[in-house]
Number of protein chains: 2
Amino acid sequence: MRIVTWNINSVRLRIDSVIRFLEEEQPDVLCLQETKCLNDQFPAKAFAKAGYEHMAVNGQKAYHGVATVARVPLTDHQPIEFCGMGDARHIAVTLPGGARLHNFYVPAGGDEPDPEKNPKFAHKLAFMEEMTKLFSKKKKEPRIIVGDLNIAPGEHDVWSHKQLLKVVSHTPVETDAMKALIKKGGFTDVARELTTEDEKLYSWWSYRAKDWAASDRGRRLDHIWVSEPLREAALAKGPQALKIHRDVRGWEKPSDHAPVSLDIDL
Amino acid sequence: MRIVTWNINSVRLRIDSVIRFLEEEQPDVLCLQETKCLNDQFPAKAFAKAGYEHMAVNGQKAYHGVATVARVPLTDHQPIEFCGMGDARHIAVTLPGGARLHNFYVPAGGDEPDPEKNPKFAHKLAFMEEMTKLFSKKKKEPRIIVGDLNIAPGEHDVWSHKQLLKVVSHTPVETDAMKALIKKGGFTDVARELTTEDEKLYSWWSYRAKDWAASDRGRRLDHIWVSEPLREAALAKGPQALKIHRDVRGWEKPSDHAPVSLDIDL
DNA sequence: GGGTAACTTG
DNA sequence: CAAGTTACCC
C-alpha cells in the first residue's frame with residue numbers, strides 16, 4: 001500500500017498536476033491539504049476518471065480544506081473539528097485491513113511566535129494539545145497520521161536551525177509540543193526514523209525564494225507517522241519506502257509543498 | 001500608410017496578440033485604448049522589438065489608458081485631459097506628412113441613460129461636448145480621429161436599432177451628440193462612407209454572449225474619422241481600404257473589440 | 001510569491 | 001464574461 005500526503009495549495013488550480021502525479025506514482029491513497037474549495041467544488045470526477053473512486057472530503061470556502069482519495073475502499077469517514085473554529089483541517093478514514101488514517105492541516109500560526117500577542121499562534125498550540133489528548137487514548141489502534149503539520153521538529157528538518165529558532169514552525173514551544181505528541185501517541189516519525197539523524201530533510205520551500213532549488217532553504221512540514229502496532233510494517237521496507245518527491249516542487253505552477261509517500265504493507 | 005485602432009482591454013495581458021496582429025497586418029500606426037496600465041508598465045520593449053519604436057503613451061492605474069505606437073516617427077505628443085477628471089482617455093500625435101492623429105477612449109457612460117441620475121452618463125455627454133468644442137476650431141487642420149468612442153451612431157451600427165434605443169451607446173442623445181460632432185468638425189466617418197448605408201457594421205461583441213459570432217449581436221463603437229482636408233485621400237482607395245478585423249475577435253483570450261484599420265496616402 | 005474572494009468597471 | 005484592485009492568508 002502506497003500512501004501520499006501533499007499540501008496542494010488549491011486542488012482546483014492544480015488538478016492536472018495531481019492527476020499526473022497519480023499516474024506516475026500510482027499511490028493507493030492520496031491525502032491532500034489546502035484544497036481551498038467547498039465539497040461540491042471538489043474535482044471528484046477527475047479523480048474518479050483516474051481510478052480514484054473513493055473520497056473523503058472536508059472542505060470550506062477559500063481556506064484550508066482536506067481530502068483523502070483512494071483507489072481502495074475507505075470506510076468510516078469522520079471529520080473532527082478541532083478547537084471549535086468551524087474550519088476544515090482534518091478527516092479520518094479506515095483503510096482496508098483496519099488501519100485508521102488521519103489527514104491533518106495544522107494551523108500555520110501566523111508570524112509572531114507569542115500566544116499572548118498572536119491568536120493564530122495560540123490556535124496552533126491549542127490544536128496540537130487537542131491532537132495530543134486525542135491520540136493519548138486507544139493507543140493500541142493501528143493509526144497513520146499524515147498531513148501538513150506546519151512544524152519542522154528537528155534541527156535537520158530546517159535549512160538553518162539557528163536562524164529559524166524564532167520563526168514560527170521551528171520555535172521550541174512548537175517542536176516540544178510535536179515531540180510530546182509523538183511520544184504520548186507512541187508514534188514513529190517514519191521519515192526521520194528511516195534516515196540518519198543528521199540528514200537534511202525538507203518537504204516545503206517558500207515561493208518567495210528566487211531559486212528555491214539552488215538556495216534550498218526548506219523545512220520538513222509534511223509528515224507521516226504510524227502508531228506502535230504499525231511501526232514494524234512502516235520500517236520493514238527500508239529507507240526507499242519513504243520518498244519526498246522533490247522534483248514535483250519543480251513542476252509548472254507548483255504547490256510550495258512536495259508530496260511525501262510511504263510504502264507499507266497493511 | 002496603414003492606421004489601426006483597437007480597444008485591447010489590457011495591453012499587458014494581450015501583448016502577444018498585439019504583436020501577432022502587427023506582424024500579420026503590418027500597420028504603420030497602432031492606436032490602443034484601455035491599456036489599463038501605468039506608463040512605466042507599458043510593454044514598450046515588446047513593441048520596439050517588433051519594429052514599433054515610436055510611442056506616445058498616456059496611461060493610468062487599472063482603468064482606461066491610451067497609447068499610439070508606430071514604426072514611423074511621431075511628433076508633438078500631447079495628451080488632453082477632458083472634463084478635468086484626471087483620467088487617461090486621449091493622446092494626440094503628428095504623423096509624417098503633418099496630419100494630426102487623435103486617439104480617444106470616450107467614457108462608457110454606465111447603465112442608466114439619464115445624466116440626472118447617472119453621473120457616468122453625464123460625464124460621457126460632457127466629454128462629447130468638449131470634443132465638439134475642440135474640433136469646431138482650426139478645421140483646416142488635417143485630422144484623423146480614432147478610438148473607442150463608445151457610441152454606435154447609426155441604425156445599422158447595432159444589431160437591433162429598436163432594442164438598443166434605450167441602451168447606453170445607442171440612445172438618441174448620444175447618437176445625436178456624435179452626429180453633431182461629426183458635422184461641426186467637418187469629419188468623414190470613413191467606415192460608413194465606404195459602405196452602403198444599410199450594411200451592418202460592428203467592431204464590438206459582448207463577452208457575455210454564449211456564441212458571439214453566431215448570435216452576432218454587435219455594435220460599431222470603434223471609429224476612424226478624417227477631417228475635410230483628408231476626405232479625398234481616405235476615400236480614394238475604395239471599400240477595401242477600411243477593414244474591421246472580425247477574425248481577431250475570435251482569437252484565444254480576445255479583447256471584446258476587433259481592430260479597425262484604414263489605408264490612406266498621407 | 002502565490003492562492004481565493006469581494007468589489008468595481010466595462 | 002473578463003479585466004483590474006484590495007484584503008486576507010500562507
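What you see is a predicted model, and the numbers here were worked out from it, not measured in a lab. So you know, we letter chains A, B, ... as the sequences are listed, proteins then strands, and number each from 1.
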Could you state the atom-to-atom distance from [atom1] of [X] to [atom2] of [N] in whole Å?
X      : N      : atom1 : atom2 : result
B/W205 : D/dA2  : CH2   : P     : 17 Å
A/R249 : C/dG1  : CZ    : P     : 13 Å
B/N9   : C/dT9  : CG    : C1'   : 10 Å
B/K210 : D/dC1  : NZ    : C1'   : 13 Å
A/L13  : C/dG1  : CG    : P     : 17 Å
B/K124 : C/dG10 : NZ    : C1'   : 11 Å
B/Y207 : D/dG4  : OH    : P     : 10 Å

Counting heavy atoms from C-beta on, name the nucleotide in C/dG10, C/dT8, C/dG3 closest to the side chain of B/Y63.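 It is C/dT8.
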Spell out yes or no: do the side chain of A/R14 and the base of C/dG3 have one donor N/O and one acceptor N/O closer than 3.5 Å?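 Checked by distance alone, the answer is no.
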Does A/R249 make a cation-pi contact with A/W212, if we ask for NZ or CZ under 6.0 Å from the ring centre and within 45° of the axis?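 Here A/R249 passes the 6.0 Å and 45° test against A/W212.
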Of B/R208 and A/K36, the one whose closest DNA chain C nucleotide lies more 5':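 The residue mapped nearer the 5' terminus is A/K36.
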Aromatic contact, B/H245 with B/F21 (centres under 6.0 Å):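 Yes; B/F21 has its ring centre under 6.0 Å from that of B/H245.
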Option among B/D157, B/D222, B/N7, B/D148 that satisfies the side chain to side chain donor-acceptor pair (under 3.5 Å) test with B/S203: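 Between B/S203 and the candidates, side chain to side chain donor-acceptor pair (under 3.5 Å) is satisfied uniquely by B/D222.
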Could you report the tightest heavy-atom contact between A/D87 and A/F82, atom names first, then the distance?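 In terms of heavy atoms, the two residues are closest at OD1-O, 4.2 Å.
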